[in-house]
Amino acid sequence: MANSLAQSDEKNAVQLEVVEGRKLPKGLTEIKALMGDTKRTPGYLFDAVLTEQQRKIVCFAAGLKQRHIKMSFYKFDVQERKAVHKAILNLQSIVATFADANVLMPEKFERTQPKFEVVPHLVAEQQTNTQTH
């Protein structure tokens, strides 16, 4: 009986194809490559891509010390890394504010001040300063 089952299994067996590897779509392959790319890390960008001036700006915005400018990002502790992350996001929002207002062109910064006062708290401060003199 066991012999007859083995023979019937052989007759019913389907020929399996050899699978050489799973082919991923091109887009997924590119995404996978980007995720594993060591150049796509905050540490690499901070250490190797940012200029010293840019690192100074980021460290100042993060409230870090002068020594952090020359340090490798990987020597920062967790709080310092979080501070850098927060500072970059804050800088991004500042740039976005100016970009949304369409005032990032150099000529916009070279113009003289308007004839009217724009910021109420600065107007009040200016009036207080002129009254005390």
Side-chain angles (χ1 to χ4, degrees):
M1 180 166 183
N3 202 11
S4 65
L5 283 175
Q7 288 176 352
S8 66
D9 284 345
E10 287 177 14
K11 291 178 183 176
N12 294 334
V14 177
Q15 183 68 26
L16 297 177
E17 295 179 21
V18 177
V19 178
E20 292 185 16
R22 188 174 74 180
K23 291 189 178 186
L24 292 173
K26 182 180 177 185
L28 288 177
T29 305
E30 291 172 357
I31 291 171
K32 191 174 178 181
L34 289 175
M35 291 177 66
D37 189 358
T38 58
K39 292 183 179 182
R40 290 194 169 265
T41 63
Y44 177 81
L45 293 173
F46 186 88
D47 293 346
V49 177
L50 294 184
T51 65
E52 184 174 352
Q53 181 64 29
Q54 291 168 329
R55 286 192 306 276
K56 282 181 184 179
I57 292 168
V58 170
C59 287
F60 179 79
L64 300 178
K65 307 277 188 226
Q66 185 78 21
R67 64 183 170 86
H68 290 94
I69 297 166
K70 301 285 186 188
M71 283 176 61
S72 170
F73 182 80
Y74 297 109
K75 292 187 179 180
F76 291 5
D77 63 29
V78 174
Q79 291 82 12
E80 292 165 340
R81 290 180 187 192
K82 286 182 180 179
V84 167
H85 178 247
K86 187 176 178 181
I88 292 169
L89 293 177
N90 284 333
L91 291 169
Q92 178 185 20
S93 71
I94 292 168
V95 171
T97 300
F98 279 84
D100 290 346
N102 198 25
V103 297
L104 280 177
M105 293 77 66
E107 59 271 9
K108 296 281 187 171
F109 288 86
E110 296 167 358
R111 292 186 183 156
T112 59
Q113 68 181 19
K115 302 282 186 224
F116 57 92
E117 296 298 332
V118 183
V119 185
H121 73 275
L122 292 178
V123 173
E125 183 180 308
Q126 185 178 19
Q127 288 173 349
T128 307
N129 290 341
T130 56
Q131 290 172 357
T132 58
H133 289 21

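The figures that follow rest on heavy atoms only: side chains count, while hydrogens, waters and symmetry mates do not. This chain uses plain numbering: 1 for the first residue, then up along the sequence.
Partners of A62 by side-chain contact (heavy atoms from CB on, under 4.5 Å), not counting sequence neighbours, listed by chain and number: L64, A83, V84, A87. F98 is linked by a side-chain contact (heavy atoms from CB on, under 4.5 Å) to I94, V103, L104, F109, counting only residues two or more places apart in sequence or in another chain. Judged as a side-chain contact (heavy atoms from CB on, under 4.5 Å), and not counting sequence neighbours, the contacts of V49 are Y44, L45. For S93, there are no side-chain contact (heavy atoms from CB on, under 4.5 Å) partners at least two apart in sequence or on another chain.
At a threshold of 4.5 Å between non-hydrogen side-chain atoms, the residues V58 and Q54 do not count as touching.
No continuous path of hydrophobic side-chain contacts links L91 to I69 [ILVMFWY only; heavy atoms under 4.5 Å].
For residues 90-108, no residue pair satisfies the salt bridge (charged side-chain N to carboxylate O under 4.0 Å, His left out) rule, not counting sequence neighbours. Sorted by first and then second residue, the side-chain hydrogen bond (donor to acceptor under 3.5 Å, both in side chains) pairs involving residues 58-72 (not counting sequence neighbours) are D47-S72, E52-K70, H68-E80.
A pairwise comparison of heavy atoms in F46 and C59 identifies CZ-SG, 3.8 Å as the closest pair.
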